[in-house]
Amino acid sequence: MANSGVVMTTDNAAQALGGEYQVFLSFRGPDTRHGFTDFLYNDLVDVGVRVFRDEDELRIGEVIGENLLCAINSSKIYIPIFSKTYASSKWCLRELAHIVDNVSKLDGEKSILPIFFNVEPEDVKLKTPLYNNAFLEHEKRFPEEVAAWKKALARVDEIKGWNVKKDESQVKIVKSVVEKVLEMLEIKHKSVTELLVGVDDRIKELTNLLCVNHDDVQLVGIYGMGGIGKTTLAKLVFNQLSSHFGKCCSFLENVRENSLTEKGFVHLQKKLLFDIVGSGFVEKIKDIEKGMRSIGRTLPTKKVFLVLDDVDNKEHIKKLIGNFSLHSGSRIIVTTRNTTILQVEGFKGEIREYEMRKMDYGHAFQLFCRHAFGADFAWDDFKRLSSDIVSHMGGLPLAIEVVGSLLKGKDKAFWKETSYRLREVPEKEILEKLRISYDNLDKYQQQIFLDIACFFSHEKKTDAIYMWADCQLYPQRGIDVLTSRCLIKIGHNDMIQMHDQLIDMGRQIVREESSGDLGRQSRLWIAKEALEIIKTEERKDKVLALDLNGLDYPIVIANDEFERLRNLRSLKLGIGTFVGDFAKCHSKLRWISWHSPHPNFKANNLYLDHLVVFKLDLNGFKDDSKAWDLIKGARNLKVLSLTRCYAITTIPDFSKCLGLERLTVAHCYNLKRIKSFIGDLQSLIELEVEWCTGLVDLPKEVGALVKLKRFSLCRCLRLRELPDSVGNLTSLTELDLTGKGIAKLPNSIGKFFFLLTDTGIRKLPNTIRKLKSLCVLNFPRGPCFHRKHHVWQLPSGISMLVDLIDLNFGGHYKLEGEIPVEIGELSHLRSLDLSCSRISKIPETINKLHHLDTLNLVGCDGIQMLPELPTSLVCLQLLSASLLLVLNLSNLTNLITLQLSDCSKLTGKSKIITGCNLRWIGRLSRLKFLDLNLLNVPAPPELTSLPHLERLCLSHLNLQTLPLDGLPQLGFLHVHGCKLLQRLSIPLELKKLESMHVSDCLDLVEIKYLGLSESLKSIVVFGCKSLRRISGLSYLTKLERLKITRCMSLIKLIDASCTNTLDDCIVEIEECGDLVPSTPYEMSMKCYREEFLQDTSDIESKSDKMEHPFTIKFRFGSKSSDGSPQWGETEMKNFTPDSVTYEGLIACMKIFHCRVKRMWYETCWEGHEDIFCEESNKGIEIKSDEQVKEMAQLASKRGFIILDVLGAVDRTEAYDDDTISTLREVWTIKTDVCPNEDGAEWDVSGPEEDLDSSGPEEDLDSASEGESQTDSTSSIDDFESELGNAEYFEATGNRRQMTDGKVGHHGTVDEGETASIENRKEKRDETVEPAVQNVVQSTYQQCEVDEHHEMPCKATTEVEDQMETASVKTDRTAETDRVPAKKRKREWD
């Protein structure tokens, strides 16, 4: 040892045996060895750090020895402890110089952590005598080394360290140093793959949940299905937080596997104790009981951080953390597939749960690329294959890693084969991981799991439970176990959900059971295979379930075929039917789902004695059909669903089904009555009669359903009142009266709790205060509210409704002021809708609503800013013209929908304070719907890195570029009024983009599609006056609609050779300059190419020779007798150059009841400001047929012409009979009711309208698409009166009209025949002027009108074709601006 120049202590030798040193302590022995340095050394060793402690007073010689040099060179962290005599030691100074030199050479790899022990940094800088005097002595003896020593001191003094004072706690300093060393060395860190993607947000969420700075005790359970990344997340969080707990942290892996034997479990206990208190306690543990006692004595004395990975039994938690009395500040993480193990009885602390969600597509694709290509992107030739494979993985990290690694370096043929194989058979490694959970189920639970995987995913849980219960599979317990073990989820509307990979695993298990023999396979979910089994002649006793959905042709199941399926219990019949005599069949069928059966049912004696669930959809069975015998004979029936049964007028008599518990009758539009037998169904607990618009009354016998809990009459629009007997429904907890039908509630309503939503009821009964368990109170304003009902206040005592979940006062414009602070007492509230009210302030107490997930403030123009909102919000909508500031909402990490608007899209101005910052949006990683309308507010670059975003609307933002490649889920894109945007590129990564709308982006020069898209179906571009090109349209192979309007700078759009785009794609091009031919009407792409693009070199000359149909847009101005200016407009279509004459145009003006003074045309009409000036010389004046001919030729080439007309109202000129008839039909279409600025309404009732009713029988839910929510009707007499008074009206509003499949004509569907105004007119008289026959739209208004308020409206269109027994229903919600009709256009996008 003397020869080496250093004497090594026993501790150092022992440390050296473990490998290289990690920390080197440099100190002056006499000053600190037996105090501070000793404490620091021992604490570092206790936490597992390999420390070299120098014994400088024992050295011999003048040169640093080899062992000492090795210790310095191998260490990563150096801790010099500067004490009073440190500078007096040549050895300390030599070590320091060598340390500094070592760190300088390996900058960034090694670190110095200085400690100033009873000295000041000024001493180390040699500015005081303490160290300076020592150096004066050194200069005499070691002059050649002093310069290096001084340089080393100066370098170390620049580093921030710890200053230990005499009166300061050394324990705290030592603890701080140890934590810093552990953090830098990552001593207890767990190894994780470097190929991680998308984990940052999850780490943040979990660390926030753990909140290690608080002194409480917490246990957080990370739960999820196998392979979803629970362990990886736990390791990452453990690595990040372990330094907060010093040596008192431990990560126990594979608890489930190790606990299979006592020896394995004892090993876990020993590791836990060794990690926390060292080896002294470990050898004493011989069995589990001793381990529990040792742990129970140790953990309460120390603040610990433990991770128990893969736990499947709550007893394991008890045996690993002792008696549950943990030290304050302790944290436990448990990863599990079984949530029930987190219910640890006796645990003295808070237990929280964290669900491990599947990866979003963007991160999943990136992770796959890292494994398959070693990069964050896919090679060009493999992009589509990669996308297909990732989509099939369902966001499961394990599957993505396994398959990505498998494909790395393989050729394209191997990739294609693997992609196909994955659809049939999961990879073995994935299957083994997932099957662990399945194998731990009992035989009943396994049967339920396989049923869901093959048959019942996305079915209602309550319906399936009836079938499983009848099969004695104990479904209540089974569903609970499957849910707690993360094998299924119960989603919205009670639907069963299962991960795609688990579905694949379940189906693979079914295949393996039959060894490839379809006849022995218990469940067949592929329709063609199921049909093959049905047609096979041998018996199939193993077959339990068949799914025939998906066949595009009808099938027939004969009696002998059905008899061979003796054990069949579930059948999805699709468009099949039964034929034959089934008297000998003894079916065990429990479930039938039947869709679109043939109306002629020919089966006899088909008795389904075991049937418990029957779902019949979209059929033409009449009241007397034999098909109803299936139900009447099903005595065991529990669930019956009849949807879209268009031919029935009453519910079939199934009074013998006395066990029926759930009955649904929906969208049966011809259903007029329910017979009294309904009262015999004493077992009913749920009765849903919804969207039965022909139902006019209910029998009083419904009051006999004493077990009924839920009763829905949603959208039964002709049903005006409830029978008084509903008060006898003592078990009722929910009454849904959604729709405008019910106008009055019986007084007996106070006896039970009810759901009141979107009704025509004008006043709540006084008994509302008694409903303290009321869950939903939806009371929006509708058309039935007249002036005397406009003053609205929140009901008194609303804070007493402590169980309220949903509160809706949307549309109450007279609801004003501040929301009372007592709203914070509604602790269960989940949804709050105050849209279109005059609320000016939201109270700060809203932050107390910890369950609030939806806040709707659309059209609340009094709100200037929001208070702090609860983090539980999922949907936030705020549209306010008074908005001053958008606060940082980054804490709302659960948001899925966010809509923020200053109403500049409607008003053109904003009150938002300059400097508004939206960069926090990037933290809302769960967003799916984002709508920002904020004038000149800079668009944050982070908004394009939201991986879940499906819908993006940007209006009036300060937006110069819009990169979209980070939005893999985007399906709808709307960019409006972003004036600085010059180029818009649609990248290949947007695999799901279906609709794109770009409007009024004035500087936009180019729209470019960068690659093949099979998703994009609709493109609308409007008012982009600088747009010169739209390139890449040939890539859009699935395009269904292309509409380009008022893009006057377009050079080129479509080549005649562009054949990739579908021939039946609808094209509408209008006012796009001379180089891009306009369409005279909506036409197919094939027609557009053939008629306009065959010879692109001579478009003008070719167009001159063709006579295309065209549209005339009339703009009419006049002055009444009192001098007030008036104007009107109309649009007439399908003219040809030979069909229009000067006299015909004059006749058209009769629709305005006027005399024509002047008439001129032009190709681009900007406004009507000069139309009243008779000296105006705008355009080309028309005075003869020759000039009309010239105008018609130009119109035929362009597709349209704008005709300005100056005239005067002539009240004495009578309408001819044909015009009167036409106007009567136009006017009887519902017209808009425009509220004035005081909130009153202009409402004219037609001659057939019931003036005493609270509103039209069919409201917006059955109105034509595009009509206002507040439509009414009027008569032709009122029409003439309004003309005489020179008041404004709108005859047709903004409507979509349809005739012969072409948009552009008014019409309704009546018994399969389109009956438009034009068609009916032609039938009466074919001698009317052509121009008059083509009237399709007209408006007539004063120039001075009131400004109106922005109102949201929801329009629903429902078209019934009784010949085909089909129905089309479209719901569209849009924000519309109630402005005068002169400012509105017919723009249907």
Side-chain angles (χ1 to χ4, degrees), residues 6 8-9 11-29 31-33 36-56 64 67-83 86 91-117 121 124 152-164 170-191 239-249:
V6 64
M8 184 176 292
T9 67
D11 288 337
N12 286 336
Q15 291 289 336
L17 293 176
E20 294 181 338
Y21 294 102
Q22 296 169 308
V23 174
F24 185 95
L25 295 181
S26 176
F27 63 96
R28 184 78 162 105
D31 290 344
T32 65
R33 180 190 300 110
F36 182 83
T37 301
D38 201 34
F39 299 150
L40 179 59
Y41 172 81
N42 285 302
D43 278 19
L44 287 171
V45 171
D46 281 347
V47 297
V49 180
R50 298 191 297 276
V51 187
F52 186 91
R53 178 170 57 176
D54 181 24
E55 302 285 357
D56 64 336
I64 295 178
N67 288 340
L68 186 60
L69 285 175
C70 289
I72 294 175
N73 292 336
S74 66
S75 297
K76 295 181 179 180
I77 297 176
Y78 306 99
I79 305 180
I81 303 173
F82 297 108
S83 57
Y86 185 91
W91 291 108
C92 290
L93 295 175
R94 284 171 180 166
E95 287 173 0
L96 187 65
H98 194 73
I99 287 170
V100 171
D101 182 60
N102 211 313
V103 171
S104 300
K105 291 177 180 178
L106 298 172
D107 188 28
E109 296 183 18
K110 300 191 175 190
S111 303
I112 299 175
L113 302 178
I115 297 175
F116 304 93
F117 187 82
V124 179
L153 283 174
R155 172 68 187 276
V156 173
D157 187 67
E158 296 173 356
I159 302 170
K160 184 178 180 181
W162 289 266
N163 202 335
V164 183
Q170 296 183 14
V171 174
K172 290 184 178 180
I173 300 295
V174 169
K175 182 179 179 182
S176 177
V177 175
V178 171
E179 288 182 356
K180 184 65 176 178
V181 170
L182 287 175
E183 179 183 343
M184 297 174 68
L185 291 179
E186 301 179 348
I187 291 293
K188 294 195 175 184
H189 280 203
K190 308 303 294 182
S191 61
N239 292 346
Q240 183 167 314
L241 299 181
S242 58
S243 62
H244 291 270
F245 298 84
K247 67 178 181 180
C248 296
C249 47

OG-CZ distance between Ser75 and Phe52, expressed to the nearest 0.5 angstrom: 8.5 Å
query: Rounded to the nearest 0.5 Å, what separation is found between the CG atom of Leu68 and the CZ atom of Arg94?
result: 11.5 Å
- line: Taking every heavy atom of Leu185 against every heavy atom of Val23, the minimum-distance pair comes out as CD1-CG2, 4.0 Å
message: Looking at every heavy atom in both Cys92 and Phe27, which two are closest together, and how far apart are they?
response: SG-O, 3.5 Å
query: Given side chains that start at C-beta, do those of Val156 and Val124 come closer than 4.5 Å, heavy atoms only?
result: no
task: State, with a plain yes or no, whether a side-chain heavy atom of Leu182 is found less than 4.5 Å away from one of Val49.
output: yes
- line: Taken in chain and number order and not counting sequence neighbours, the residues that satisfy salt bridge (charged side-chain N to carboxylate O under 4.0 Å, His left out) with Lys110 are none
field: Which residues share a ring-ring contact (aromatic ring centres under 6.0 Å, His included) with Phe117, sequence neighbours left out
entry: Phe36
task: Using ring-ring contact (aromatic ring centres under 6.0 Å, His included) as the criterion, list what pairs up with Phe39, not counting sequence neighbours.
output: none
- prompt: Of all residues at least two apart in sequence or in a different chain, which pass the side chain to side chain donor-acceptor pair (under 3.5 Å) check with Thr32?
  reply: Thr37
- request: Give the C-alpha distance, both sets of side-chain angles, the deciding distance and a yes or no for side chain to side chain contact (heavy atoms under 4.5 Å, CB included) between Ile72 and Tyr78.
  value: CA-CA 8 Å; Ile72 294 175; Tyr78 306 99; 3.8 Å; yes
- request: Could you point out which residue of Pro121, Pro114, Ser26 forms a side-chain contact (heavy atoms from CB on, under 4.5 Å) with Phe82?
  value: Pro114
task: Output all residues satisfying side-chain contact (heavy atoms from CB on, under 4.5 Å) with Gln240, sequence neighbours left out; order by chain, then residue number.
output: Ile203, Thr207
task: Check side-chain contact (heavy atoms from CB on, under 4.5 Å) between Asp101 and all other residues, then give those that pass, not counting sequence neighbours.
output: Lys105
